[in-house]
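Here is the structure we will look at.
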Amino acid sequence: MSTPPPSAPPSPPFPLETRLQVITGTSSRLRDELAGSVCAQWTGPIKRAVEPSDLARIVLDLETPSFLSEATLQVVRGDEKYVKKHQAVLAACVGQPAVNGVLLVITPSLDAREKFSKSLSAAKIVHAVEMPERGAVQGWLANRLDQLPWGVAHAGQVADCLLSMVGEDPDSLLATADVAALYAADEPLAVTHVQAVASGVAERPVWEFTAAALEGRAARAIELLYAGGGIEPQMAIGALVNEVRKLLACIENADDAAAISAAGLKGKPNLYYARKRSRELGRPVLLRVLQGLLLAQRQLRRSGQQPELVMEMLALNLARVVKPGR
């Protein structure tokens, strides 16, 4: 019996024949999903960087043939200002063959009025990913819900519930659907699960609490402390300490690997939003916040009295530090 030939690997979502490819879109979730599908089909090494200062060196490596290493997919994330600052380097890549790899730039938007942006569009290397038009959002969302591992009970009704309670922002919609699916555990996702999560009566992941606290949204942080079964105070303050240390590591280390190591993190987490938040808060504020967190943590360990009150006061004080005068 003859052995059937091996099947060809699945193709990437768009051709990778030229040196530069750009993914744009207002939704970070949809951008990451498209980039993930590209990375999943790439058979060689993949390197990632967030707004690297040495973009010219990265491009030089990609245009230099190498007989000692495989072609590399270099994923670079940056905002519109970063892309505009490096448009001369990027413009030189337009239309050039992928000699030693591909540069995949991921950015929320491009200025359509710029000559550079027009040249990218003309070369057909800009891949915009957005939600469907308003009339098709419900069907699009229901189709995504149908793909959940444990299924969904009445996908159309669940999609309508999500849209009515969360709105049409794709990141908020998909994040809420993910949390609701976790809340449903091994049951099909239903309207009741979405209502429990979106209305705040279900227990929420601790990262939502840390985000609210470090954004100065004291009321929301306190609300999340008591949602569902509540977040254990020591866990909440420990998560805050770890997050602040990660932000400080992002300030002290331009290299992602060094920042991850300094913060004591495992794996290869995406530091794009951590770096953005660290720049917004700044080193002095983060050091002050860390000092307050360590004092509160020490108080909880020594006395153990009224831990909820300690956490509420901490959230209120963080709001004053993070957003002074507001």
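FYI, side chains are in, hydrogens and waters are out, and symmetry mates aren't considered; it's all heavy atoms of this structure.
- Here L30 contributes atom CG and I23 contributes atom CD1; the two are 11.0 Å apart, rounded to the nearest 0.5 Å.
- Qualifying side chain to side chain donor-acceptor pair (under 3.5 Å) partners for N242, counting only residues two or more places apart in sequence or in other chains: none.
- For E243 and K246, the salt-bridge test passes: some basic side-chain N is under 4.0 Å from an acidic carboxylate O.
- The two residues A259 and N253 make their nearest non-hydrogen contact at N-CB, 3.7 Å.
- Listed by chain and residue number, R283 satisfy the side chain to side chain donor-acceptor pair (under 3.5 Å) test with E252 (two or more places apart in sequence, or in another chain).
- A donor-acceptor pair under 3.5 Å is formed between the side chain of W42 and the backbone N or O of P45.
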Tell me which donor-acceptor pairs under 3.5 Å the side chains of residues 57-65 have, and how far apart each pair is, sequence neighbours excluded?
from : atom 1 : to  : atom 2 : distance (Å)
R57  : NE     : D54 : OD2    : 2.8
R57  : NH1    : D61 : OD2    : 2.9
R57  : NH2    : D54 : OD2    : 2.8
E63  : OE1    : R19 : NH1    : 3.1
T64  : OG1    : L60 : O      : 2.7

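- Listed by first and then second residue, the side chain to side chain donor-acceptor pair (under 3.5 Å) pairs involving residues 284-298 amount to none (not counting sequence neighbours).
- In this structure, the separation between CG on L214 and OG on S278 is 11.5 Å, given to the nearest 0.5 Å.
- A donor-acceptor pair under 3.5 Å is formed between the side chain of Y82 and the backbone N or O of P52.
- Of all non-hydrogen atoms in A181 and L189, the two that sit nearest each other are N-CD1, 3.9 Å.
- A salt bridge links R29 and D178; the closest N-O separation between the charged side-chain nitrogens and carboxylate oxygens is under 4.0 Å.
- Under a 4.5 Å side-chain heavy-atom cut-off, the cluster of Ile, Leu, Val, Met, Phe, Trp and Tyr residues that includes Y272 is completed by V50, Y273.
- Looking only at atom types and distance, the side chain of E130 has a donor-acceptor partner in the side chain of T26 under 3.5 Å away.
- Scanning for side-chain contact (heavy atoms from CB on, under 4.5 Å) contacts around N143 gives Q147, with sequence neighbours left out.
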